[in-house]
K.L.:
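Take this structure, written in structure tokens, and hold onto it; I'll ask about it next.
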Amino acid sequence: MEKNVRPADIDLIYIATPWSLHAPMAVYAMNQGKHVCIEVPAAKTLDECWQLVETSERTKKHCIILENCCYDFFELLTLNMSRQGLLGEIVHGEGAYNHDLLNSNFKKGGYYEMWRLKENMRNGNLYPTHGLGPVAQVLDINRGDRMDYLVATSTNDFSMGAKAKELAATDDFYKEYANKTYRGNMNVTTIRTEKGKTIMLQHDVSSPNIYSRIFKISGTKGSVIKYPDPERIAFGDEKWISEEEFKKIQEQYQPPIIKRVGELAKQVGGHGGMDFLMDWRTIDCLRNGLPVDMDVYDAALWSAIAPLSEQSVANRSKSIDIPDFTGGSWKTNKPVDISLAKGGNTKVKL
Ligand SMILES: NC(=O)c1ccc[n+]([C@@H]2O[C@H](COP(=O)([O-])OP(=O)(O)OC[C@H]3O[C@@H](n4cnc5c(N)ncnc54)[C@H](O)[C@@H]3O)[C@@H](O)[C@H]2O)c1
């Protein structure tokens with residue numbers, strides 16, 4: 001990148017490159033006076049997580065993690081339900097990125113220079129934020145509670161090494177991938193919070209699973225689960241509420257952001273509309289001087305779960321302390337207002 005290129009008309013830079021470029025590009029952009037939005041995960045190492053925090057604080061530029069799953073319709077409904085007390089005290093959450101990417105990861109001409117396959121030579125939960133983001137928001141992580149420590153376990157690899165060898169047998173292109181060690185099929189990471197809540201995350205991109213982010217939230221009065229379809233809600237007696245009751249709750253607890261731009265988001269699309277909702281909300285916060293929903297402390301913390309889980313896996317699932325990137329501010333920070341969407345002034349032209 002050329003030095004000292006500072007176009008006056010750029011306010012915000014989106015970074016959607018391979019993971020190893022996220023933090024260096026974000027740090028560079030903030031140092032040039034630009035706000036940044038970074039694809040997930042925002043950083044790969046703990047050092048990079050701290051660099052994001054330190055640079056954002058020093059330059060006073062927003063560093064926003066693009067965790068679009070926080071803006072999916074059921075996740076927003078759940079956040080609003082939990083904020084209104086319908087689920088009682090939230091005790092436990094589960095999230096995942098279980099997505100069969102075995103063929104995609106090995107596809108020639110697919111990911112840029114096979115970057116995603118190479119990332120899978122690390123062992124841990126490499127992609128925690130889709131599952132974790134919405135759960136962390138419901139649990140008020142960094143805003144009333146904090147993650148204390150984690151324990152991670154991985155299975156052996158039963159698919160990727162075998163796939164590499166199979167492809168290399170007939171195609172020299174794959175020879176360099178044939179004798180490598182790959183991450184285990186499944187990684188399970190459990191997190192305990194300072195206030196005694198728990199989070200369970202799964203990560204599997206090489207088994208023939210049906211796509212799932214789980215998204216289970218358990219409270220003292222109710223619980224929800226998103227995957228496998230359909231989304232369900234329960235308030236006890238070991239039964240899910242009926243479709244009719246579900247619709248009533250949906251109407252009553254529909255967050256204002258969905259009422260305001262939900263239909264438009266569905267029309268525009270982008271993972272069913274959640275990408276549009278995230279972008280709309282981000283711009284709305286910036287234009288109205290509102291705190292962003294997913295700040296640099298979330299970016300650092302949610303991304304840090306990958307390297308911390310690698311440390312735990314490498315040490316027989318030893319428990320690993322999770323840094324407090326907020327420097328103690330989690331005790332007084334107020335919960336995010338994502339589902340209530342105060343703002344809402346930004347007009348959208350299609
Ligand atoms: N949030 C989501 O739902 C979601 C979905 C897909 C991908 N992603 C994330 O988006 C990012 C990109 O993933 P992808 O699937 O598009 O990968 P990809 O390999 O298809 O695209 C990567 C892009 O980065 C560009 N690039 C590489 N080096 C560069 C450099 N030095 N400078 C500028 N550009 C460079 C490449 O030309 C390519 O266009 C990843 O972080 C991934 O995790 C997120």
Side-chain angles (χ1 to χ4, degrees), residues 1-3 5 7 10 12-29 32 34 36-45 48-49 52 63-76 95-122 124-137 177 183 187 201 203-206 211-215 226-227 265 268-282 292-294 298-300 302-307 309 338:
M1 268 177 282
E2 237 180 284
K3 270 196 171 166
V5 178
I10 294 178
L12 174 67
I13 293 180
Y14 268 62
I15 299 169
T17 51
W19 300 342
S20 58
L21 293 170
H22 287 183
M25 285 177 153
V27 166
Y28 180 87
Q32 301 305 309
K34 309 299 175 194
V36 286
C37 282
I38 321 177
E39 262 300 352
V40 297
K44 264 180 68 174
T45 65
E48 284 183 349
C49 291
L52 292 181
C63 178
I64 299 159
I65 183 168
L66 291 169
E67 193 26 89
N68 46 352
C69 299
C70 291
Y71 295 83
D72 213 346
F73 292 76
F74 188 65
E75 282 82 340
L76 285 171
Y97 189 67
N98 294 335
H99 190 184
D100 182 0
L101 295 177
L102 186 61
N103 290 329
S104 308
N105 276 332
F106 279 98
K107 191 176 163 198
K108 238 193 250 182
Y111 295 115
Y112 180 78
E113 294 185 348
M114 308 295 280
W115 69 267
R116 208 154 176 160
L117 178 61
K118 291 171 191 163
E119 289 293 353
N120 277 268
M121 294 170 192
R122 298 153 55 209
N125 185 332
L126 309 182
Y127 205 59
T129 72
H130 283 335
L132 180 57
V135 170
Q137 288 186 332
Y177 303 107
R183 61 180 295 283
N187 176 273
L201 299 175
H203 181 52
D204 185 340
V205 288
S206 48
Y211 180 91
S212 171
R213 301 199 303 269
I214 303 178
F215 191 60
K226 175 166 170 139
Y227 295 94
V268 178
H271 292 106
M274 65 185 180
D275 296 359
F276 177 88
L277 283 167
M278 173 178 70
D279 289 340
W280 180 85
R281 171 70 176 157
T282 302
V292 292
D293 298 330
M294 305 177 290
D298 300 315
W302 300 353
S303 304
I305 298 307
S309 72
I338 168 172

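First listed ligand is number 1; within each ligand, the first listed atom is number 1.
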K.L.:
Counting non-hydrogen protein atoms only, what is the nearest one to atom 15 (O) of ligand 1? Give residue, atom name and distance.
P.N.:
Y111 CE2, 3.4 Å

K.L.:
Once you measure the plane-to-plane angle for W19 and W115, does it fall in the parallel (<30°), tilted (30-60°) or perpendicular (>60°) bin?
P.N.:
perpendicular

K.L.:
Tell me yes or no: between the side chains of D204 and N98, is some donor less than 3.5 Å from an acceptor?
P.N.:
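Short answer, no.
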
K.L.:
Between Y71 and W280, does the ring centre distance come in under 6.0 Å?
P.N.:
no

K.L.:
Can you list the ligand 1 atoms lying under 4.0 Å from a non-hydrogen atom of W115?
P.N.:
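Those atoms are 13 (O), 17 (O), 18 (P), 19 (O), 40 (C).
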
K.L.:
Determine, using heavy atoms of M25 and all atoms of ligand 1, whether some pair is separated by less than 4.0 Å.
P.N.:
yes

K.L.:
Okay, side chain of S309, backbone of N125: is any donor-acceptor separation there less than 3.5 Å?
P.N.:
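Yes; at least one donor-acceptor contact below 3.5 Å.
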
K.L.:
Using only atom types and a distance under 3.5 Å, with no angle test, would you say the side chain of S212 pairs donor to acceptor with the backbone of Y227?
P.N.:
no

K.L.:
Side chain, backbone, both or neither: which part of T17 has a heavy atom under 4.0 Å from ligand 1?
P.N.:
both

K.L.:
With heavy-atom distances below 4.0 Å as the criterion, list the atoms of ligand 1 near P18.
P.N.:
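Those atoms are 22 (C), 24 (O), 27 (C).
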
K.L.:
Determine whether H99 and Y127 make a side-chain contact, defined as any pair of heavy atoms from C-beta on separated by less than 4.5 Å.
P.N.:
no

K.L.:
Taking only heavy atoms of H271, which atoms of ligand 1 are found under 4.0 Å from at least one of them?
P.N.:
3 (O)

K.L.:
With a cut-off of 4.0 Å, which atoms of ligand 1 are near a heavy atom of L21?
P.N.:
28 (N), 29 (C), 30 (C), 31 (N)

K.L.:
Is K44 reaching over with its side chain to a backbone N or O of E119, donor-acceptor style, under 3.5 angstrom?
P.N.:
no

K.L.:
Just one of H130, K226, H271 clears the side-chain hydrogen bond (donor to acceptor under 3.5 Å, both in side chains) bar with D72, so which one?
P.N.:
K226

K.L.:
Identify the protein heavy atom lying closest to atom 44 (C) of ligand 1, giving its residue, its atom name and the separation to 0.1 Å.
P.N.:
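Checking every protein heavy atom, the shortest distance to atom 44 (C) of ligand 1 gives E39 OE1, 3.1 Å.
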
K.L.:
Can you find a protein heavy atom under 4.0 Å from atom 21 (O) of ligand 1?
P.N.:
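So far as the 4.0 Å threshold goes, atom 21 (O) of ligand 1 is out of reach of every protein heavy atom.
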
K.L.:
Under 3.5 Å, side chain of H22 to main-chain N/O of E39, donor-acceptor pair present?
P.N.:
yes

K.L.:
Are there protein heavy-atom neighbours of atom 6 (C) of ligand 1 below 4.0 Å?
P.N.:
no

K.L.:
Check ligand 1 against H130 and write out every atom of the ligand that is under 4.0 Å from a heavy-atom position of the residue.
P.N.:
1 (N), 2 (C), 3 (O)

K.L.:
Counting C-beta onward and ignoring hydrogens, is there a side-chain heavy-atom pair between Y111 and L117 closer than 4.5 Å?
P.N.:
no

K.L.:
Provide, to 0.1 Å, the distance between atom 42 (C) of ligand 1 and the closest protein heavy atom, together with that atom's residue and name.
P.N.:
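Going atom by atom, the protein heavy atom closest to atom 42 (C) of ligand 1 ends up being W19 NE1, 3.8 Å.
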
K.L.:
What residue and heavy atom of the protein are closest to atom 12 (C) of ligand 1, and at what distance?
P.N.:
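Result: A16 O, 3.4 Å.
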
K.L.:
Give the numbers and elements of all ligand 1 atoms closer than 4.0 Å to a heavy atom of Y127.
P.N.:
4 (C), 8 (N), 43 (O), 44 (C)

K.L.:
Which atoms of ligand 1 sit under 4.0 Å from any heavy atom of N68?
P.N.:
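Close to N68: 1 (N), 2 (C), 3 (O).
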
K.L.:
Return yes when at least one protein heavy atom is under 4.0 Å from atom 37 (O) of ligand 1, and no when none is.
P.N.:
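At least one protein heavy atom is under 4.0 Å away.
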
